[in-house]
Amino acid sequence: MKKLLVLIAAALSATLVYAQDADNVGNSAQLSIIPRVDLNPYLGYNNNDGEFNFSNTGLYALLEGTFADDFSYTGYFHFFDAYDFGYYYQYPFYPAEYSWLDIANLTYAPGNFAFSIGKNTMAVGTFEMEDWDHDVYYEQSSSFWNNYQVYQWGADVSYYFNDDAYAMFQVTSSPFSERTFSSGQLAYNLKLADLSHDFSYILAGNLVEMYDDCWMKMLAASTGYAFGDFSLTLDTQYRWLPYHFEDTFSFSLGYSPSDRLNFKARVNYEDWKATDGWFDNMLINLLEPYFSEQDCVWGGLLCEYFPLRNRDLLRIHAAVTHMPFAGQVSVNLGATLNIPITLY
């Protein structure tokens, strides 16, 4: 592991030195330091106790740059959160665990194609996966976002129809494997997205190996629509596991009356259902409404305020989320700084 870290550090150093050469026209590197603080009391009702946590409090960093012809790189780091300062450094190469290194990706993009290798987000077909982690509100996110580790090592190839419309095939380590690649479990991901118009969509199919010859199958179809100051998104995802079926529906309505103010309402529905097999029950699960003790509905309201002329520097937020399954209401108040540093 130490040798691998040394090699990564050496490669990054060599990249920076090369990119800073004045003869290399078009090279760039931008670093953003992103601290976020959340204060999040939970108000209990129906004999449920209240509690308090710091939600998505932590220190993030984003490194983006280009070098040579058609090469670019992205690094996204989560250095710590408010729960355990040392946790992110214990399992940096365990696919099932969170670590300080979320993304470390190198891309070569000749023409309309793009070839990437490194650690990146799995190609999952929901709009909530398009956001950076420092922009996420845990309490209003789906259980899939909160429980599945989608940052994995692998490679992908994409074809771009334009800057925001592409088809991607990706192979990564499986989030269910004990060690990256050495355990043998892989994930195969196919994604088609068009985010270039007022009407946008994301489609994805995923085969994720849990253990030998045992797979989780996922299908997702998500749509978004922007009109004037309003925006709508609907995330739909189905997951077939060996002994049960899961689905997630997330609907959000956004309103931005100015560049300094955002409002959003979000509702999530999730269901869990025992099943004997994924193929025999697929059409039934897709087409027939069903309700059981595992049904779960929750949602809330969000307000984001950007007080500075450069709106990206500071965001102040207030989010209220009703969680009937826990008998609690979350009230999240906080702020996020985004400090840009141009390296070259």
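Model, not experiment: these values are computed from the prediction.
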Requested in this report: May I ask you to check whether W145 and Y138 place their ring centres under 6.0 Å from each other?
Outcome: yes
Query raised in the report: If you measure from the Lys or Arg side-chain nitrogens to the Asp or Glu carboxylate oxygens, is any gap between R311 and E304 under 4.0 Å?
Result: no
Query - Exam field: side chain N46 to backbone G327, donor-acceptor pair closer than 3.5 Å - result: no
Report task. Kindly determine whether T223 and T233 satisfy side chain to side chain contact (heavy atoms under 4.5 Å, CB included), including the steps that lead there. Result -> CA-CA 6 Å; T223 59; T233 61; over 6 Å; no
Requested in this report: Verify, without hydrogens or angle tests, whether S222 (side chain) and G125 (backbone) share a donor-acceptor contact under 3.5 angstrom.
Outcome: yes
Query raised in the report: S258 side chain to R260 main-chain N or O, any donor-acceptor pair under 3.5 Å?
Result: yes
Requested in this report: Any chance you could lay out the ring-ring contact (aromatic ring centres under 6.0 Å, His included) test for Y269 and W298, step after step, and finish with the verdict?
Outcome: CA-CA 7 Å; Y269 167 78; W298 76 103; 9.1 Å; no
Query raised in the report: Do side-chain atoms of Q328 reach the backbone of F325 as a donor and acceptor pair under 3.5 angstrom?
Result: no
**Report entry** Test item: N206 side-chain N/O and V208 main-chain N/O as donor-acceptor pair under 3.5 Å
**Finding:** no
Query raised in the report: With a 4.5 Å limit on heavy-atom distance, are the side chains of M216 and W240 in contact?
Result: no
Query raised in the report: For the hydrophobic clusters of this structure (ILVMFWY residues joined by side-chain heavy atoms under 4.5 Å, transitively), does one cluster hold both Y159 and M168?
Result: no
Query raised in the report: Counting N and O atoms only, with roles assigned by atom type, does the side chain of D135 sit under 3.5 Å from a partner on the main chain of D131, one being a donor and the other an acceptor?
Result: no
Query raised in the report: Rounded to the nearest 0.5 Å, how far apart are CE of M122 and CD of Q170?
Result: 7.0 Å
Query raised in the report: Heavy-atom count around L253 CG within 6.0 Å, excluding the residue itself: above 12?
Result: yes
Query - Sub-4.5 Å side-chain heavy-atom contact between W132 and L62 - result: yes
Using residues 333-343 as the side-chain source, report each donor-acceptor pair under 3.5 Å to any protein atom, sequence neighbours left out, with the distance given to one decimal.
{"residue": "T336", "atom": "OG1", "partner": "R315", "partner atom": "NH2", "Å": "3.1"}
{"residue": "T342", "atom": "OG1", "partner": "Q30", "partner atom": "OE1", "Å": "3.0"}

Query raised in the report: How long is the span from the CG atom in N147 to the OG atom in S142, to the nearest 0.5 Å?
Result: 8.5 Å
Query raised in the report: Do C303 and H317 come within less than 4.5 Å of each other through their side chains, counting heavy atoms only?
Result: no
**Report entry** I33 side chain reached by F79 side chain, heavy atoms, under 4.5 Å
**Finding:** no
Query raised in the report: Can you tell me how far the OG atom of S116 sits from the CG atom of L106, to the nearest 0.5 Å?
Result: 7.5 Å
Query raised in the report: When clusters are formed by joining ILVMFWY residues with side-chain heavy atoms under 4.5 Å apart, either directly or through shared neighbours, do M210 and M218 land in the same one?
Result: yes
Query raised in the report: Hey, are the side chains of Y45 and P324 touching, using non-hydrogen atoms and a 4.5 Å cut-off?
Result: yes
Requested in this report: Report yes or no: does S174 contribute a side-chain atom to a donor-acceptor pair with the main-chain N or O of E209 at less than 3.5 Å?
Outcome: yes
Requested in this report: Anything under 30° is parallel, anything over 60° is perpendicular, the rest tilted; go ahead and classify W100 against F77.
Outcome: parallel
Query - Pair Y73 + F71: ring centers closer than 6.0 Å - result: no
Query raised in the report: Are the side chain of E270 and the backbone N or O of D247 linked by a donor-acceptor pair below 3.5 Å?
Result: no
Query - Given N120, T172, D133, the one that forms side-chain hydrogen bond (donor to acceptor under 3.5 Å, both in side chains) with Y151 - result: D133
Requested in this report: Go through the steps to decide whether E139 and S55 satisfy the test side-chain hydrogen bond (donor to acceptor under 3.5 Å, both in side chains), and finish with yes or no.
Outcome: CA-CA 8 Å; E139 298 75 30; S55 193; 2.8 Å; yes
Report task. On the 0 to 90° scale, with breaks at 30° and 60°, tag the F227-Y225 ring pair as parallel, tilted or perpendicular. Result -> parallel
Report task. Would you check if the side chain of K119 reaches a backbone N or O of L101 as a donor-acceptor pair within less than 3.5 Å? Result -> yes
Query - Heavy-atom donor-acceptor pair, Q140 side chain to L301 backbone, under 3.5 Å - result: yes
Requested in this report: Could you tell me whether the side chain of Y166 reaches within less than 4.5 Å of the side chain of F113, counting heavy atoms only?
Outcome: no
Query - Where at least one partner belongs to residues 29-55, residue pairs that pass salt bridge (charged side-chain N to carboxylate O under 4.0 Å, His left out), sequence neighbours excluded - result: R36-D38
**Report entry** Residue pair L186 / Y188, side-chain heavy-atom distance below 4.5 Å
**Finding:** yes
Query raised in the report: Which pairs count as ring-ring contact (aromatic ring centres under 6.0 Å, His included) when at least one residue sits in residues 189-209, sequence neighbours excluded?
Result: none
Query raised in the report: Just one of D156, V124, I202 clears the side-chain contact (heavy atoms from CB on, under 4.5 Å) bar with K191, so which one?
Result: I202
Query raised in the report: Can you check whether F251 and F249 have ring centres sitting under 6.0 Å from each other?
Result: no
Report task. Verify the neighbour count for atom CG of D259: are there more than 12 heavy atoms of other residues, nucleotides or ligands below 6.0 Å? Result -> no
Query raised in the report: How about K264 and N262: do any of their side-chain heavy atoms sit closer than 4.5 Å?
Result: no
Requested in this report: Give the intermediate values and the outcome of side-chain hydrogen bond (donor to acceptor under 3.5 Å, both in side chains) for residues N162 and Y160.
Outcome: CA-CA 5 Å; N162 58 53; Y160 279 81; over 6 Å; no
